[in-house]
Amino acid sequence: MSSVALKDPRRTRELARTSAPFLILALMLVAFYVLPQLSGREATVFNVFNSMQNFAALGLVALALGLTMIAGEFDLSVVGMYGLGSMLAVMTGKDSALLGLGIALLAGLFVGLVQGTIIAKLRINSMPVTLGGYLLLLGLTATIGHDDSQSYPNLSVGSSLDSVVAQIFSLRSLVAVGVFVVVTLAMRYTRLGRDIRAIGGDRRASRTAGVPVDRMLIGVFALSSVLSALAGALIAYSLATATPDPGLAPLIFAITAVLLGGVTLAGGQGAALAIAAGAITLSLLQELFSILGTPTYVSSLITGGLLVLVTIIAAPDLKQWWRTVRTRRGGPTASAASVGSSPAATVTGER
Amino acid sequence: MGRALQPGLMTAPPFIDARGITKRYGPITALDDVSFELRPGEVHALLGHNGAGKSTLVKILSGLVRPVSGTLTMAGEEVTLRTPQQAQQHGVALVDQELSLVPALTVEENILLGNVESPFLQRPGGSRAATREILDGLGLRHVAPSTHVRDLAIGERQLIEIARALSRDARVLILDEPTATLSDTEIEHVFRAVRQVVAQGRSVIYVSHRLGEVLELCDRASIFRDGRHVETRAVSELDRRGLIELMLGDVPEPSQRDGLHEDAGEVATVTIRNLSVPPRVQGFDLTARGGQIIALAGQIGSGASEVLRALAGLVPDAQGDVSINGKDVRLGSPRRCVDAGTVYASGDRKGEGLFLGHSVQLNLVATRLPALTRWGLVRRGAAASVARQLIDVIGMDRKRMRTPVVSLSGGNQQKVFLGRCLEQHAAELLLLEEPTRGVDVGGRMEIHDLVRVAAAHGNAVIFASTELDEVLDLADTIVTMHAGRVVRTLPRRLATSAEILGDMTHGNSESRAGVAA
Amino acid sequence: MSSNSGSFDRLWGRRRAVAVAAVIGAAALAGCGGSSSNSTTAGGAGTTGTGSASASADAGGGAVKGKKVVLVACGDVNPWCKVYNQHILDGLKAAGVETTYLQDPFDPVLQVQHLNQAIAQKPDAILVVASDDNSIVPAANKAKQAGIPLINLNGRPADAAVPLLSSSIAADQAALGTYAAQNIIQGMKAQGKTSGNVIAITGTAGTNTTKDRITAFKKELATVPGIKLVEVQDGNWDQVKTAKIAQQLFAKYHNDIQGAYGMADYQAAGIIQSAEQAGLKLGVENKGLIVTGSNCFKVGIDNIKAGKQFGTATQAPGTEGDFVYPLVLKFLGGTEIPKENLNKEARVDKSNLDTWGAPCSLA
Amino acid sequence: MTAIALRVNQLLDRRSLPVAQLLLRVITAAFAAILVIGALTTEGFLSVDNVKAILGSTAFVGIIAVGITVIMLSGNLFSLSLGTTTAVCAMLFLFALQAGIVVAIVATVALGAVLGAAQGLLIGSIGANAIIVTIGAGALQEGGAVWASGGSAVFPPKNAPGMSFLADTILGVPFAVYVLVVLAVAGEYLMRRTRFGREIYLMGENKRAARAAALPIVALTAGAFAVAGACAAIAGVLIGAFNQNASLLVSGTFTYDAIAAALVGGSVVTGGRGSIARTVAGAVVIATISDLLLLRGYSTGVQILVKGAVVLVVVVLLHINQREGER
């Protein structure tokens with residue numbers, strides 16, 4: 001057991017894994033600065049602000065989805081709750097924005113608790129449950145909003161949420177940043193972070209070790225829905241509008257951001273800060289598209305390709321597949337040392 | 001030999017008092033009206049074969065499993081344990097046979113994981129000093145608390161698991177097979193830790209197959225057989241032979257059965273040279289002939305099942321020269337290995353063997369669909385007749401043909417599984433992992449007969465087993481393994497149970513506990 | 001190895017090759033797309049209008065040269081939008097205006113991001129086709145504060161947005177609804193009917209476009225008391241959904257329907273298909289169902305030619321686009337333009353296909 | 001909350017499992033009752049024409065759902081790009097009609113199968129997550145289609161040769177319904193009688209066991225997605241013929257509707273259980289409910305809401321029922 005000798009490469013690999021999202025973000029920043037200039041445009045501080053505005057809305061959805069993925073689940077209903085949150089905030093917050101926000105968050109809490117309980121206690125795969133939840137929430141949003149986009153009359157709420165703070169932030173994006181900071185701190189400095197990663201990494205082991213698995217799962221789904229509702233409510237106030245169907249764009253953004261943030265689908269790995277890095281990277285990419293005036297189809301080709309690429313890199317059996325391919329192609333060359341002069345080395349196999 | 005009992009130990013009120021505990025899994029009674037008591041300050045061994053009921057009792061005491069009936073008293077108070085957390089609150093800490101570490105977390109995080117007393121707020125590395133101390137005590141000086149558990153070797157993981165239990169400051173420490181994967185020095189560290197625990201007036205339940213360890217470490221021993229409690233005795237009153245007698249019921253004489261097929265064929269059909277299966281198995285050699293039944297006997301972690309998995313093509317980076325009937329087999333792909341004539345039956349029947357929701361018929365023909373297909377269509381008549389043939393071979397009622405496998409008993413499930421794997425006409429090499437795990441006595445006999453029939457048809461059979469009885473009963477040749485290496489290869493008629501048990505449990509260090517056969 | 005598994009392996013090999021080819025192809029495609037997009041935008045931005053056609057000399061000629069306009073609109077994924085936007089951009093570029101085109105496939109969040117981005121570029125005007133009537137209001141506010149003229153295109157703006165806009169250049173949605181009703185009335189009259197049941201399957205319910213058209217439709221239809229509008233359903237600008245609803249409504253009324261309004265021509269086409277499947281007769285000649293659309297697409301023109309659809313109304317994308325850019329040029333040239341500019345729409349039926357057949361076949 | 005948790009715990013307890021079964025029956029009965037009462041009191045519901053209308057509205061979604069069922073049975077969750085594949089295939093079909101109807105149909109189905117197989121290969125060989133691969137593939141298909149078509153809608157060429165039968169009715173029932181029936185029967189046959197189908201069921205039930213038993217996992221996964229892609233392509237052909245034009249706007253809500261149909265039909269997303277016939281039944285159930293709600297004047301929102309609720313209830317109840325079966 002020469003773990004002393006092996007420690008260094010392991011550390012390096014670990015470091016590479018955890019720092020990858022931030023390296024990608026750095027690369028993105030460079031591209032963000034350089035690419036516009038190549039086509040005679042420029043990226044300004046305002047563009048960074050605008051990216052952060054996008055981050056404020058969809059970064060929170062990414063965090064919501066990411067937390068469930070770290071816990072080894074997948075919450076497809078985030079985009080449904082995002083829609084419902086915005087509709088509730090607009091419909092119930094006409095007199096007081098805070099009241100509307102509160103109702104949206106409470107609704108998120110309720111939805112999350114119900115979905116979480118079904119998933120944790122009945123041990124059902126979260127995918128079909130949250131798919132049903134998504135459709136249900138979508139229908140509810142449309143029904144509450146009379147199948148129409150609803151406007152929010154108090155424009156000052158949105159404009160104060162969106163007023164520029166420190167050049168690149170707004171109140172809204174500061175809320176998102178704040179949420180990320182809180183979640184990061186909680187993941188790092190309380191036992192919650194460890195427990196969430198544990199139930200995602202190995203649920204049986206966690207149960208045996210004494211982690212309150214069911215309670216944690218319910219909590220994660222509740223948090224996921226609350227964060228989605230928060231994102232929806234904030235964007236609704238910002239746009240002074242709630243739409244009956246937010247479409248799938250927020251979900252696609254969230255998934256891509258979470259994967260860029262180094263969260264694996266197998267669960268057990270990931271940090272809120274890295275998810276933030278992924279979400280900011282993607283927000284910058286979208287803003288870059290808009291600076292360059294990229295046609296929709298090109299941006300969907302690029303984001304689709306990016307998603308597939310990240311999925312390939314994160315695929316659990318990639319290494320194994322590669323090994324199998326290598327042994328099939330190259331035969332036993334890799335094992336030549338141990339094979340020695342035995343006949344196996346000279347026989348090309350059965351084909 | 002056993003430690004001298006501490007004064008007053010026999011008279012102190014028991015910390016755990018379990019009465020009339022019964023637990024059934026489906027048709028199998030795992031524990032039958034068992035009583036057990038644990039006194040403060042003692043190391044109490046639970047002994048018995050696999051399936052004797054030790055692990056079930058341990059699971060009940062640690063809140064992982066709830067008994068059907070019986071009462072459990074802890075520190076004089078009757079308790080019902082629904083969750084591991086509740087057991088923890090009553091002062092019980094478990095080191096499970098199956099590791100309960102999360103590979104994606106660090107050593108420190110794993111040690112803190114699930115500790116109900118661990119504070120809500122934590123600083124990363126905040127308990128590093130305490131962790132360091134526990135790790136050092138277990139001889140893990142070289143392991144940094146920030147290392148990920150997935151980067152540790154299996155023995156180190158086992159020690160981390162023990163470290164977690166120690167860190168909980170529990171009244172009762174349960175160690176279920178803690179040393180199966182450990183080296184001698186590592187075992188010594190565990191012993192030292194156990195002695196420290198009992199010196200503080202706490203208790204340890206020690207489950208092990210290793211009689212030498214029991215004799216060296218334990219105060220009392222409770223012996224289980226077939227789900228029943230046989231006896232509890234002070235270890236000082238016992239010796240190795242006495243323990244074996246109690247465990248086995250009687251000491252079986254060797255060579256009850258001749259090695260039937262030992263000389264069946266002159267031509268070696270399967271040769272394995274220099275097989276390595278990372279990370280454990282190195283330089284494994286074996287020659288098997290048609291008609292021969294070879295046992296790879298070893299505890300969990302011995303490498304026996306890894307050898308089988310590698311031969312089945314399920315380990316991508318396994319390497320070695322394997323040939324069947326002179327044809328070389330390249331490992332690493334199940335398809336290639338099957339085409340070369342190997343058939344593998346996993347020990348994890350439910351996870352890696354059966355298609356539980358499907359019928360007996362489909363399960364029986366699952367692997368031979370290519371042969372039953374013409375123009376892409378499965379020939380139903382042929383499939384049905386093959387299935388009928390197989391169901392007759394395994395001795396099951398044909399009426400059950402359409403029953404989903406999930407509703408069968410464990411024994412019948414295993415028969416269906418093996419029925420599928422045996423009787424493959426093309427097969428040359430049968431690889432059976434724990435062929436009778438979770439099967440009752442009757443089913444076990446039938447399955448053994450099936451295996452013998454398969455061998456009589458000229459197949460070479462290699463099976464891995466952790467059970468002494470099975471090894472002695474079924475094998476013509478016994479290969480004992482420990483810590484990834486072959487300890488000894490000997491024909492059945494020359495083997496004694498004590499010898500095999502010794503090899504399986506001590507590896508090359510049988511002299512360590514002074515109990516060489 | 002058996003031949004069976006051998007063939008399987010070959011199959012794997014082939015499929016993997018296909019997958020690899022697909023991935024490489026996709027990557028190459030993304031690369032090409034990226035570079036071509038750059039060149040497009042660079043070209044767009046760099047067009048300084050040398051030798052610009054004087055197609056719109058009436059709009060102030062050289063005064064607009066070098067002015068910057070950002071068009072924030074639905075993207076090329078939507079065929080109607082593509083033609084519409086292309087006509088506007090071509091017209092502006094020809095006059096030497098620098099244009100930037102930011103596409104959002106009807107995604108309000110992305111659109112507002114684009115609007116903010118447009119405001120930051122401080123162009124001489126921003127043109128917007130609202131993805132959502134309400135959601136552009138805050139951005140319109142910002143544009144106003146920044147002193148950048150915002151011109152709303154295509155649909156009637158939300159009430160709250162009106163005071164924030166410099167102008168609105170739109171199709172006369174109400175006229176489109178009125179024409180649709182006139183089509184039904186005339187078609188039925190041609191069959192000698194003055195009474196009957198009518199169904200309407202609309203675009204996305206609740207949007208101003210839909211509201212304006214259906215209100216005018218109802219009003220016009222009410223001029224003939226015998227004709228009853230028995231059902232209005234939300235077809236969500238979706239042809240398949242429209243067909244489905246139509247089929248169910250035909251069943252509900254036991255085929256006792258004399259007129260049907262599909263708010264877009266492709267929705268009318270859905271109704272026509274359903275009617276044919278339900279065995280209803282179509283058109284004046286067959287004394288059958290009178291179907292109308294209310295903005296024209298090629299599929300509608302084809303159906304009118306075939307006698308299956310009585311008529312439609314214009315809102316042809318090219319025509320609408322050509323209505324927009326001269327006004328924008330005028331505005332850029334410093335001439336006042338009215339707050340509200342409604343394009344003059346036309347009712348289309350078999351009689352004036354010569355005029356409208358071609359412009360209505362662009363999408 | 002605790003009370004609910006307790007209830008659920010009781011549900012899980014072996015002794016109260018009959019309660020769960022009772023609940024299942026009660027809910028099924030209540031559902032049937034609502035349907036019957038609704039049917040009796042809704043004008044125009046109980047008529048031959050309406051039955052035809054329901055069947056007609058089942059057809060497209062049903063055809064795509066047949067494909068998605070094969071994916072689910074193979075244990076690869078579901079695809080979120082089949083709606084886009086349908087749209088892309090509709091576009092190709094109308095374009096390829098220049099070369100004749102047979103060529104167009106063959107080319108379109110082949111394209112659908114290839115698009116599906118490419119995703120399946122990726123998923124089967126390296127264990128990439130099906131949901132994410134298919135979302136990404138959806139975006140790629142969308143971008144590729146706009147790039148290839150220049151963003152215009154595709155129309156059939158003049159005098160499109162013999163396409164009209166695809167949108168016709170036979171005995172008053174749309175051609176697409178017959179296609180659905182044929183596909184459902186063929187699909188059932190494929191899944192029950194062929195080696196491919198049997199092995200898909202086996203792999204979906206237990207992928208590790210399938211690997212240990214040396215089943216061709218990559219080929220099976222690619223095959224399952226290819227079948228799904230081909231089904232989406234067939235739907236694309238029919239929709240193209242029906243609409244007489246095709247653009248990406250076609251994709252609509254097909255993807256989710258098809259998944260909902262399969263779930264309501266009792267397919268398990270984790271694989272191995274369910275059948276194509278049941279999926280088609282699920283599609284009919286959803287279409288019936290939607291029809292009922294539409295005829296009673298409920299809005300689109302309520303229709304989606306009810307769809308979601310039905311999916312959720314069916315998923316939970318079937319799960320409970322299935323667990324009980326395993327005891």
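Every chain is numbered from 1, with letters handed out A, B, ... down the list of sequences.
In this structure, CG in D/Leu122 is found 4.5 Å from CD1 in A/Ile312, a value given to the nearest 0.5 Å.
Only the side chain of D/Ile131 comes within contact range of chain A, with heavy atoms under 4.5 Å apart. Heavy atoms of D/Val269 lying under 4.5 Å from chain A belong exclusively to its side chain. Only the backbone of D/Ala137 comes within contact range of chain A, judged by heavy atoms closer than 4.5 Å. Only the side chain of A/Leu265 comes within contact range of chain D, with at least one heavy atom under 4.5 Å from a heavy atom of that chain. Neither the backbone nor the side chain of A/Leu309 comes within contact range of chain D; no heavy atom of the residue lies under 4.5 Å from a heavy atom of that chain. Both the backbone and the side chain of D/Thr300 have a heavy atom closer than 4.5 Å to some heavy atom of chain A. Neither the backbone nor the side chain of A/Leu137 comes within contact range of chain D; no heavy atoms are under 4.5 Å apart. Contact of D/Tyr298 with chain A is not made at all, since no heavy-atom distance falls under 4.5 Å.
The number of heavy-atom neighbours closer than 6.0 Å to CZ of A/Phe74, taken from other residues, nucleotides and ligands shown, is above 12. More than 12 heavy atoms of other residues, nucleotides or ligands lie within 6.0 Å of CZ in A/Arg17, so this atom counts as buried by the packing criterion.
Of all heavy-atom pairs between A/Asp317 and D/Gly127, the closest is OD2-CA, 3.8 Å. D/Gly308 approaches A/Leu135 most closely through the heavy-atom pair CA-CB, 3.5 Å. For A/Gly304 against D/Ala139, the heavy-atom pair with the smallest separation is CA-CB, 3.6 Å. Listed here is the closest heavy atom pair of A/Thr143 and D/Val302: OG1-N, 3.4 Å. Among all heavy-atom pairs drawn from A/Met127 and D/Leu77, the shortest one is CE-CD1, 3.5 Å.
Note on A/Leu248, A/Thr130, A/Thr256, A/Ile144: by heavy-atom pairs under 4.5 Å with chain D, the leading option is A/Leu248. Highest contact tally toward chain D, considering only A/Ala142, A/Pro128, A/Gly80, is held by A/Pro128 [criterion: heavy-atom pairs under 4.5 Å]. Of the listed residues (D/Val311, D/Asn129, D/Ile123), the one with the most heavy-atom contacts under 4.5 Å to chain A is D/Asn129. With chain D as the partner, the residue from A/Leu136, A/Asn125, A/Leu307 showing the most heavy-atom pairs under 4.5 Å is A/Leu136. When each of A/Thr141, A/Ile118, A/Ile218, A/Val129 is checked for heavy-atom pairs under 4.5 Å with chain D, A/Val129 comes out on top.
The closest side-chain donor-acceptor pair between D/Ser299 and A/Asp147 falls under 3.5 angstrom.
Here the side chains of D/Tyr256 and A/Leu131 are in contact, with some heavy-atom distance below 4.5 Å. Here the side chains of A/Ile124 and D/Val315 are in contact, with some heavy-atom distance below 4.5 Å.
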Worksheet item: Can you list the steps and then say if D/Ile135 with A/Ile255 is a side-chain contact (heavy atoms from CB on, under 4.5 Å)?
Response: CA-CA 9 Å; D/Ile135 288 180; A/Ile255 292 178; 3.5 Å; yes

